[in-house]
Every structure is written in structure tokens, then in C-alpha cells.
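Here's the structure we're looking at; comments come further down.
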Amino acid sequence: QTEIYGKGYLKGDLPNVTTDPRLLEEQARKTLGVHAFNYVAGGAGEKATMDSNRLAFRQWKLIPRMMQPMNNQDLSVNLFGQHYDTPVIMAPVGVQSLFHVDKETGLAEVCAEVGIPYTLSTASSSSIEDVATASGNGKRWYQLYWPEDDAITISLLKRAKENGFSVLVVTLDTWSLAWRPADLDNAYVPFIRGIGNDIGFTDPVFRSMYESDSDSKIEDNITAASRAWIQQVFSGQPHTWEQLDLLRKNWDGPIVLKGIQHVDDAKLALKAGCDGIIVSNHGGRQLDGAIGSLEVLPEIVDAVGDRMTVLFDSGIRTGVDVIKALCLGAKAVLVGRPVIYGLAINGKLGAKAVMKGLLADLWLSMGLSGTPTVAECDRSKIRRVQYPG
Ligand code: FNR
């Protein structure tokens with residue numbers, strides 16, 4: 001509290017980033033070019049799923065407890081047998097050089113400082129090795145956009161493992177990019193411009209395959225190489241449940257499937273021996289008209305939550321949102337756009353301000369709701385309320 005109010009949060013060493021999550025997007029709009037802004041703020045279709053993600057949070061209300069011991073909030077959680085300081089994880093977000101020169105390396109560095117695990121995207125504009133160096137002792141996870149070619153998949157997993165990435169997040173909902181009008185109207189696919197390809201371009205297996213196929217160096221024609229990389233990772237053809245065996249054989253740590261919305265898929269993930277799932281609709285960027293992510297969280301937790309780790313994302317904006325997801329059974333949450341807006345506004349310091357703000361809000365709200373530990377966030381403290389209109 002002293003840090004938050006006494007010193008004046010905005011006037012401290014983390015300047016110029018609003019603490020109002022509703023204003024963050026507008027602040028970021030001012031610093032970003034139109035294409036980059038549309039890319040991060042946009043969604044699929046008419047953004048109905050993005051809206052649903054927020055509406056779903058509004059329908060759940062906390063029921064606070066009083067006269068609980070205060071100032072002893074403990075945000076820590078245990079995930080996959082490891083201690084984490086907070087139940088908040090940085091979501092994988094590709095192409096971070098679009099938003100600021102600090103890009104993935106800068107964000108990984110401040111995530112480590114703040115105590116939030118950094119999830120590195122396969123669509124990154126920094127290499128696996130550079131991000132590992134920047135993240136230092138910080139916890140880091142690796143997100144796989146699953147390549148068509150197994151040799152490339154195996155190479156990426158090997159590099160991630162060798163560089164200290166502990167959890168493998170496999171994104172299932174993006175085997176093809178969705179219908180995203182703001183990007184389509186501007187013919188804007190950042191990867192095609194060669195911006196988000198460091199992981200591919202630094203991958204020795206992709207490099208040698210590409211360079212022997214095309215008989216030229218990647219650097220000679222970045223656009224063509226980008227297209228080849230896109231074909232690898234957004235091939236237009238989903239992998240199958242049986243193919244998960246390949247990942248299991250080549251990854252000895254936890255495997256988490258991202259993009260689960262249906263109870264039956266959660267059960268299949270369990271049956272396939274996965275360690276966790278992320279209930280997510282990609283922040284409303286893939287199937288527009290898909291259900292608000294929080295809507296399906298309770299039924300998925302009921303079906304598999306006692307046997308695998310259920311994580312959540314899509315629509316988290318405040319500390320109270322985190323508590324709601326925890327009360328409904330998520331073990332931790334991932335947050336995407338707000339941190340990227342911070343990165344856009346003021347580089348790694350801006351991202352740090354957003355993350356520290358979210359954690360401070362969470363800490364205060366856990367006190368005020370009478371849920372001073374994550375374990376005390378349960379269904380007795382939350383109720384669904386639908387107001388007319
Ligand atoms: C994403 N997301 C994403 N997911 C993923 O698995 N790999 C990726 O490379 C990306 N890239 C990406 C770029 C941008 C600009 C955004 C906004 C999002 C989805 C992300 O991990 C997460 O699911 C959502 O961002 C969560 O929703 P909120 O927090 O943004 O509402």
C-alpha cells in the first residue's frame with residue numbers, strides 16, 4: 001500500500017502508463033502505427049467473442065468476506081510441482097518487435113524482475129537463445145505453433161529445453177490464422193514482412209531445409225522465407241490427438257494444451273496424458289462467435305480439474321478478474337493485450353508498470369474480498385448474476 005498510494009504509483013519510477021485498464025488501449029493507440037495497433041487490439045470477425053470474453057467476467061460477482069486477517073496475502077501457487085510467486089503468467093504473444101524495440105528480450109527481462117513467467121511464442125521476433133539470456137533466472141515457458149515438419153518441431157523443442165524453458169504450451173486453435181478484418185483490409189500479416197521470424201530463421205533445421213529447397217539464403221529474400229515459415233506453422237491443417245506422442249517423446253517436462261473450450265476436448269487432453277490445459281479462445285482472435293472463455297471454465301474444471309492443471313486466459317484485465325477465474329477453479333491465468341499495451345507505450349518499463357499494477361490490484365483485491373490466499377478463492381465467494389438488459 002505504501003508503494004502504491006504513498007509514493008504515488010504514476011509518479012514513481014514507472015511513469016506514463018495509466019492504471020485504468022479501460023484507458024490502456026487508447027494510450028497504446030497513440031504510440032503505435034495503425035497496422036500494429038489493429039493487430040494487437042483487433043480480433044476475429046466482428047469481435048463478438050472479444051466482447052463475450054469481457055461480458056462473461058461481468059456476469060460473475062464476488063461475495064467478499066469480512067474481518068479476515070489483512071496484509072498477509074499470499075499470491076503464490078504451485079504449478080506442475082514448481083513454486084510460482086503469483087498466479088499470473090505472461091501469455092505467448094508473437095511479433096513483439098512490432099510494438100517496441102525492447103521486444104521479447106525486454107519483456108522477458110522485466111517478467112523475471114516482477115516474478116511473472118514469460119511464455120515465448122513460436123512467432124517471436126527474438127530467438128529462443130536471446131530470450132533465455134534476457135530472462136536469466138526467471139521462469140520461462142515455450143509456446144509451440146506446431147510445424148508441419150517433425151524435424152523442425154523436434155529442433156524447436158530441443159532448443160527450448162536446452163535454454164531452460166520448463167513448460168511446453170501447445171496452441172491448438174491457430175492451425176490457420178482466422179478471418180481478421182482489420183488485418184485483411186490492410187493486407188497486414190506481420191510475419192510475411194519478415195518481422196516475426198527469428199525463431200524460424202535462427203532454427204538450424206528450418207534454415208538448412210529452406211536453403212537447400214530454394215537454393216538461396218534466407219536473408220536474400222526474407223518475404224519468401226517468411227512465407228515458407230508461415231506454411232510450416234499455420235499450415236491450414238490441424239494435428240491429431242495421436243500426434244501428441246511426438247511431443248511427449250521429445251519433451252520430458254509438462255505439456256499444456258492451449259485453446260480448449262469444450263469439455264470433451266479437455267477429457268481428450270487428459271486421456272492423451274497432458275499435464276494441463278489452457279481454457280482460452282485466443283483472446284477472441286480466432287473463431288469469432290465462440291463462447292466467452294470464462295463461460296466454459298467451471299464445466300471444464302468440474303470435468304478434469306482434479307486430475308490436471310486447468311489454466312485460463314482471454315479477457316483478464318484486472319486483479320478482480322484474476323480472482324474470479326481462480327474462484328471458478330483456474331490454477332493460474334495468462335494475460336495478453338494489457339501487457340503488450342504497456343510495452344507499446346513505454347517499452348519494457350511500460351510493460352513492467354502494467355504487470356506490477358495488475359499484481360498490486362490483485363493483492364489489494366484479495367485482501368478486500370477476504371481471500372488472502374489463492375486456495376481460499378473458491379466457489380463460495382462467487383455468484384453468477386444476470387441483470388436484465
Ligand atoms: C496473441 N496470442 C497468441 N497465442 C499464442 O499461442 N501464440 C502467439 O503467438 C500469440 N500471438 C498473439 C499476438 C497478439 C498481438 C495477441 C493480442 C495475442 C493469444 C494470447 O496468447 C492469449 O491467448 C490472449 O491474448 C489472451 O487474451 P487477452 O488477455 O489478450 O484478452
Side-chain angles (χ1 to χ4, degrees), residues 21-22 24-25 28 32 35-44 47 49-57 88-100 103-104 107 116-126 131 141-146 156 167-178 180 182-183 188-191 195-200 229-230 233-234 256-261 277-287 290 292-294 311-318 321-322 325 330 332-344 351 354-355 358:
R22 292 163 306 179
L24 251 184
E25 185 177 309
L32 289 174
H35 296 331
F37 178 77
N38 284 344
Y39 182 65
V40 56
K47 297 198 193 180
T49 295
M50 275 181 75
D51 293 344
S52 303
N53 284 341
R54 288 303 303 150
L55 286 170
F57 275 100
V88 178
I89 297 154
M90 181 61 214
V93 169
V95 213
Q96 290 174 13
S97 60
L98 272 183
F99 311 116
H100 197 275
K103 59 179 187 168
E104 288 85 356
L107 186 49
I116 287 183
Y118 181 78
T119 310
L120 175 64
S121 162
T122 305
S124 169
S125 38
S126 306
V131 170
W141 296 8
Y142 183 67
Q143 176 264 328
L144 186 71
Y145 277 140
W146 195 338
L156 294 176
V167 174
L168 178 64
V169 173
V170 186
T171 300
L172 302 182
D173 56 18
T174 314
W175 43 271
S176 168
L177 289 175
R180 297 181 189 169
D183 297 337
Y188 191 67
V189 179
F191 314 101
I195 304 167
N197 295 300
D198 248 39
I199 288 186
W229 178 245
I230 288 180
V233 291
F234 306 126
V256 177
L257 302 185
K258 176 170 183 276
I260 299 291
Q261 295 275 276
I277 53 175
I278 305 175
V279 175
S280 163
N281 56 31
H282 214 102
R285 299 166 71 79
Q286 283 300 104
L287 177 66
S293 196
L294 194 74
L311 308 174
F312 173 86
D313 83 22
S314 298
I316 295 277
R317 297 292 175 270
T318 68
D321 294 339
V322 179
V333 304
L334 291 80
V335 58
R337 290 185 186 84
V339 180
I340 299 301
Y341 293 144
L343 182 72
V354 171
M355 290 188 286
L358 179 65

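Order of listing sets the numbers, starting from 1, for every ligand and every atom in it.
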Quiz item: Considering R54, R317, Q143, M50, which one's heavy-atom position lies nearest to atom 31 (O) of ligand 1?
Solution: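 Considering heavy atoms of R54, R317, Q143, M50, the nearest to atom 31 (O) of ligand 1 sits in R317.
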Self-check item: Option set A36, G336, P92, criterion heavy-atom distance to atom 20 (C) of ligand 1, minimum
Solution: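 Comparing heavy atoms across A36, G336, P92, the nearest one to atom 20 (C) of ligand 1 lies in P92.
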Taking 4.0 angstrom as the limit and counting only heavy atoms of [X], give me the atoms of ligand 1 inside it, by number and element.
X    : answer
T171 : 5 (C), 6 (O)
S280 : 23 (O)
K258 : 4 (N), 5 (C), 6 (O), 19 (C), 20 (C), 21 (O), 22 (C), 23 (O)

To the nearest 0.5 angstrom, please state how far the [atom1] atom of [X] sits from the [atom2] atom of [Y].
X    : Y    : atom1 : atom2 : value
I89  : I116 : CD1   : CD1   : 9.5 Å
S280 : L257 : OG    : CG    : 12.0 Å
L172 : W146 : CG    : CH2   : 8.0 Å
F234 : T174 : CZ    : OG1   : 6.5 Å

Quiz item: With respect to D173, which candidate in Q261, H282, R285, Q286 satisfies the side-chain hydrogen bond (donor to acceptor under 3.5 Å, both in side chains) definition?
Solution: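 Among Q261, H282, R285, Q286, the one that satisfies the side-chain hydrogen bond (donor to acceptor under 3.5 Å, both in side chains) with D173 is H282.
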Quiz item: Is the closest heavy-atom distance from V40 to ligand 1 below 4.0 Å?
Solution: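 Yes, that is the case, since the closest heavy atom of the residue is under 4.0 Å from the ligand.
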For [atom], what's the nearest protein heavy-atom neighbour? Residue, atom name and distance, please.
atom                    : answer
atom 8 (C) of ligand 1  : Y145 OH, 3.0 Å
atom 9 (O) of ligand 1  : S121 OG, 2.6 Å
atom 15 (C) of ligand 1 : R285 NH2, 3.4 Å
atom 24 (C) of ligand 1 : G283 N, 3.8 Å
atom 13 (C) of ligand 1 : V93 CG1, 3.5 Å

Quiz item: Do NZ/NE/NH1/NH2 and the carboxylate oxygens of D321 and R54 come within less than 4.0 Å?
Solution: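 A salt bridge links D321 with R54.
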Self-check item: Check: R337 side chain, G42 main-chain N or O, donor-acceptor pair, under 3.5 Å
Solution: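 Judged by distance alone, yes, a pair lies under 3.5 Å.
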May I ask you to check if ligand 1 and [X] share an N or O to N or O distance below 3.5 Å?
X    : answer
D313 : yes
G315 : yes
G94  : yes

Quiz item: Do the side chains of V95 and Y39 get nearer than 4.5 Å, heavy atoms only?
Solution: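 Yes - at least one pair of side-chain heavy atoms lies under 4.5 Å apart.
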Quiz item: Is there a donor-acceptor contact under 3.5 Å linking the side chains of Q143 and T119?
Solution: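 Note: Q143 and T119 side chains miss the donor-acceptor criterion.
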